[in-house]
Amino acid sequence: MTRLARLTIRVRGLTGHIRVDTSHKRDGETPSTSFEEYLGHLRIPLQEIRSATNNFDSQCFVGYSGYGDVYKGRLLWYGNSIEIVANRVYHLKDGTSLGKDIISVLLLNKHENLASLVGFCDEEDEKIVVLSYDQVNGTLDKYLIAGPTQFTWFQRLRICVDVARALNYLHHDTRRGYSVMNNDIKSRQVLVYENWVAKVCDFGLSIKDLRGRNADPVLLQTRTLSHKYDVYSFGVLLFEVLYGKEANIINDDGRHHVLTSWFKKHYEDGSVDKIIDPDLRKQMDPQSFTIFSDTTYQCLDKQQQDMETIFKALEKALELQEKHENPDPSYAFSGRCSGSNGSSSEMTDLRAQMERMEARHQEGQKLHRREQEAIVAQLAQHVKATNTLYEWLRSQGFDPPPPPATD
């Protein structure tokens, strides 16, 4: 007879449940191997992280996450030199195990728009999570200060679609029995890669942080944790992409102001055009702009849509914008183009430029072989980590569903 039980995973107070088959678990059986022992190959010595970040030098400091300071560095890992970010985790309760409480969530959630786990350190008084930073061109907050010429509307849409895809996966992926919430998505947590591919890099560390600056004030008062928290924070990010600046400002008197209410007033008055850079507005397909504005307002409003609906709406806005920039009827929507202002000559120049970049890339392949080998080694490491986690579950007598397939 099949017996179902719930395996509970707790991460900073947030509890997730996975239904497992306990039919084959023998009563009184004591596990012989701990969770941490199964993750031994992911442990990175503290000395190596210190070396990679020049002992957490201020020159390597890149910002803050929901749990602590973040440093960039180059780590020698499995014989390969890779770019990493090391998150020093300060806000865990005494005695909380970094490996069991956080690493399991990072391991079980792999997606093309989520940053990859390299490993972790839990030595002395340091708790550190290390994520891949290879081939990152910067974070979204740095691109926001660029003008419409350097950071086009199409490129902004591409990034927003990728972030929405990541959040939709965390909220609604059906292959696991629990939902993950970021709870304070920010522009500085969005990594930007070549071809304007974006990845969320703090999804496992902000899972229960109700103090984030992009937080819904209503949820802050009620201390209620739900998907709405992410949707509101994502609405703030959409506003920043549209406005071209961060939504949180500090006046000369030192007071903190959030500009989202200002956006909502302009939206309700039908005057959103007035707060957008005129050069950026000229690039926009009218329907694409309308969908984006509507979606931003809906995220910030009390009557929110779910992330799946938001993701589909932004995909439509991106498709309309690409067709606007490529009016040729034979052109097929790809969602991966770098974008331009739409003229044929500009598109021709762009294609020629991309061909030259590709040629240089081909010439430099031999020089980058070590970096490519590092990526392959890292992928193999993640596959092994996932398998060891499932082995640990089985060693407890559980019968979890098979791990997600790796493409």
Side-chain angles (χ1 to χ4, degrees), residues 63-66 139-146 148 151 153 156-157 159-164 166-168 171 181-190 198 200 202 206 209-278 280-281 284 288-307 309-311 313-314 317:
Y64 305 93
S65 77
T139 51
L140 177 56
D141 61 318
K142 301 299 189 295
Y143 282 93
L144 288 176
I145 62 176
F151 191 29
W153 180 239
R156 297 173 195 226
L157 281 171
I159 290 172
C160 291
V161 168
D162 279 356
V163 176
L167 292 175
N168 183 46
H171 286 189
M181 285 160 277
N182 181 283
N183 295 315
D184 191 26
I185 183 69
K186 305 185 190 74
S187 55
R188 68 169 179 246
Q189 296 171 356
V190 178
V200 178
D202 201 17
S206 296
D209 185 3
L210 290 175
R211 298 165 297 171
R213 64 187 178 93
N214 284 358
D216 183 343
V218 175
L219 292 177
L220 276 177
Q221 291 176 2
T222 63
R223 307 288 293 179
T224 302
L225 184 64
S226 74
H227 291 158
K228 292 184 177 182
Y229 199 95
D230 276 355
V231 173
Y232 184 91
S233 294
F234 184 59
V236 176
L237 184 142
L238 293 180
F239 163 73
E240 292 178 340
V241 168
L242 185 66
Y243 183 51
K245 298 178 183 177
E246 292 197 19
N248 294 268
I249 60 172
I250 301 177
N251 287 353
D252 295 337
D253 59 2
R255 287 184 151 188
H256 199 85
H257 292 274
V258 181
L259 298 178
T260 49
S261 57
W262 178 62
F263 162 79
K264 291 174 70 175
K265 184 179 184 302
H266 277 282
Y267 177 89
E268 291 163 0
D269 293 342
S271 58
V272 175
D273 286 45
K274 294 182 179 179
I275 66 173
I276 303 175
D277 187 307
L280 183 64
R281 183 66 181 91
M284 297 177 177
S288 173
F289 166 66
T290 299
I291 292 174
F292 191 92
S293 300
D294 291 347
T295 303
T296 303
Y297 182 83
Q298 290 164 4
C299 288
L300 300 173
D301 193 42
K302 293 180 180 179
Q303 303 298 323
Q304 293 177 337
Q305 302 285 348
D306 60 54
M307 263 333 288
T309 302
I310 293 166
F311 168 56
L314 291 175

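The shortest side-chain heavy-atom distance between V241 and I159 does not fall under the 4.5 Å cut-off. With a 4.5 Å cut-off on side-chain heavy atoms, F239 and I275 count as touching. The closest side-chain heavy-atom distance from L144 to K245 is not below 4.5 Å. Residues R156 and L280 are in side-chain contact: their nearest non-hydrogen atoms beyond the backbone lie under 4.5 Å apart. At least one side-chain heavy atom of R281 sits less than 4.5 Å from a side-chain heavy atom of D273. Counting heavy atoms from C-beta outward, V236 and L300 have side chains that approach closer than 4.5 Å. For the pair F234 and L314, the minimum side-chain heavy-atom distance is below 4.5 Å. Residues I276 and L242 meet the side-chain proximity criterion, which asks for heavy atoms closer than 4.5 Å.
Side-chain atoms of S293 come within 3.5 Å of backbone atoms of F289 as a donor-acceptor pair (strictly under, hydrogens ignored).
Take S261 and apply the side-chain contact (heavy atoms from CB on, under 4.5 Å) test, not counting sequence neighbours, and it matches no residue. For the side-chain hydrogen bond (donor to acceptor under 3.5 Å, both in side chains) test, residues two or more places apart in sequence or in another chain that qualify with Y267 are D294.
When all heavy atoms are compared, the tightest approach of Y143 to F151 is O-CD2, 3.3 Å. The shortest non-hydrogen separation linking G235 to C299 is CA-CB, 3.4 Å. Of all heavy-atom pairs spanning S288 and L157, the tightest one is OG-CD1, 3.5 Å. The two atoms that bring T260 and A247 nearest to each other are CG2-CB, 4.4 Å, heavy atoms only. Considering every non-hydrogen atom in both A198 and D162, the closest pair reads N-OD2, 2.9 Å.
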CA sep, side-chain torsions, deciding dist, call: D306, H171, side-chain contact (heavy atoms from CB on, under 4.5 Å): CA-CA 9 Å; D306 60 54; H171 286 189; over 6 Å; no
Step by step, work out the side-chain contact (heavy atoms from CB on, under 4.5 Å) result for T296 and V272. CA-CA 11 Å; T296 303; V272 175; over 6 Å; no
Would you please test Q189 and T139 for side-chain contact (heavy atoms from CB on, under 4.5 Å) and show each step? CA-CA 7 Å; Q189 296 171 356; T139 51; over 6 Å; no
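In this structure, NZ in K264 is found 5.0 Å from CG in D301, a value given to the nearest 0.5 Å. Note that CD1 of I145 and CD of E246 are 9.5 Å apart. Values are rounded to the nearest 0.5 Å. Once rounded to the nearest 0.5 Å, the distance linking NZ of K228 with CG of D230 reads 13.0 Å.
With salt bridges taken as basic N to acidic carboxylate O contacts below 4.0 Å, none links D141 and K186.
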